[in-house]
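Reading through the structure tokens given below for one structure.
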Amino acid sequence: MSKWSSLPTEQINPRTLSIDRVSSAEIVAAMSREDRRVVAAVARERPRIARGIDMLAAALARGGRVFFVGAGTSGRLGVIEAAELPPTFGTPPEAVRAVIAGGEEAVFRAREGAEDDFDAGVRALADAGVSSRDVVVGISASGITEFVRGALTAAKRARATRVFVTCWPGTGLQALVHLVIAPAVGPEVIAGSTRLKAGTATKMALNMLTTGAMIRAGKTYGNLMVDVRTGSAKLKDRAKRIVSTVTGIAPERAGDLLAAADWDVKAAIVMAKTGGSPDAARETLRRAGGLMRRALGEDLAPVLRRRLRAARRRP
């Protein structure tokens, strides 16, 4: 028997045996039914995802880095997380990194054999200089990817914190890590196609890990992304709306304050609230550890509720 034949991700789904004989509408319905199982599977992992958030937040707070390591779809999902955090939450690019089997070329063109290279996984983490301050998140739907095993082995040698996201609760890689997050999504609509339910479950778990860690790091005020980078017209407009929403000032005035603060949303908000200079606002934020709630001494939720109610009453 092969080592893959018994994996949950390789099993045949009894609910989609005739999917090649049904209409397009019925294909969509079948896939939608299966996707509902994903939500339930991820929900069962909530305690472990919460623990993972604390691990990531602690690593970043001590000046460590977060590494996402995977192959194929799992690796590409790690790339998405690492690429999207800097513009959304203002994290330095080096703080959250992705390592994918086969290197950058594998992001755009599949290099299937790369996942089987244990030694390449070891080298990739060693070359990255992973240390005990860092956290390494291994990602493998099947739970047995050799590249990820090698990376986690290197991370263990470096005494880094280790998290594993998989869709096989029985994975043998548990011995290498501090925490396993394993949404059991069951067999795929198309047997073995882990870009489907397994990919969706993995993306959901990673979203929670990274977003939760960013919230814990003070990258939001209420549910507003106050550390957003403003490298596009859309993001500049969002920054204006955030400052206007929090402070009640006109968007035009918000734009003026943002320009004075070099488009630092947090500083612009503090300036609007205190009437101070950009330097004074940054000092206030520094003393508050970058936390808007602490800097302003104000809970934003009641303010936002009032504004939302007022907006709904407008004709």
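Since this is a predicted model, take the numbers as computed values, not measurements.
Here the CZ atom belonging to Phe147 is positioned 11.5 Å from the OG atom belonging to Ser140, to the nearest 0.5 angstrom. Rounding to the nearest 0.5 angstrom, the gap separating the CG atom in Leu304 from the CZ atom in Arg309 is 11.0 Å. Distance CG/Leu206 to CD1/Ile49: 9.0 Å, rounded to 0.5 Å. In this structure, CZ on Arg216 lies 11.5 Å from CG on Leu60, to the nearest 0.5 angstrom.
No hydrogens or angles considered: nothing links the side chains of Thr145 and Glu115 as a donor-acceptor pair under 3.5 Å.
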- Message: Apply side-chain hydrogen bond (donor to acceptor under 3.5 Å, both in side chains) to residues Ser23 and Glu26 and explain how you reach the verdict.
- Response: CA-CA 5 Å; Ser23 69; Glu26 289 171 305; 3.1 Å; yes

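A salt bridge links Asp299 with Arg293: the closest approach of a Lys/Arg side-chain nitrogen to an acidic carboxylate oxygen falls below 4.0 angstrom. Between Arg123 and Asp119 there is no salt bridge, since none of the side-chain N atoms of the basic residue sits less than 4.0 Å from a carboxylate O of the acidic one. We find that Arg195 and Glu188 are not joined by a salt bridge, their nearest charged nitrogen and carboxylate oxygen being 4.0 Å or further apart. Ion pair Arg282/Asp279 flagged as a salt bridge, since at least one NZ, NE, NH1 or NH2 atom sits closer than 4.0 Å to an Asp/Glu carboxylate oxygen. By the 4.0 Å N-to-carboxylate-O rule, Glu34 lies close enough to Arg15 to be salt-bridged with it.
Residue Leu258 forms a side chain to side chain contact (heavy atoms under 4.5 Å, CB included) with just one option from Ile269, Val265, Asp264, and that option is Val265.
One hydrophobic cluster holds both Val135 and Ile53 under the rule that ILVMFWY side chains link at heavy-atom gaps under 4.5 Å.
Judged by distance alone, the side chain of Glu45 and the main-chain N or O of Ala182 form a donor-acceptor pair under 3.5 Å.
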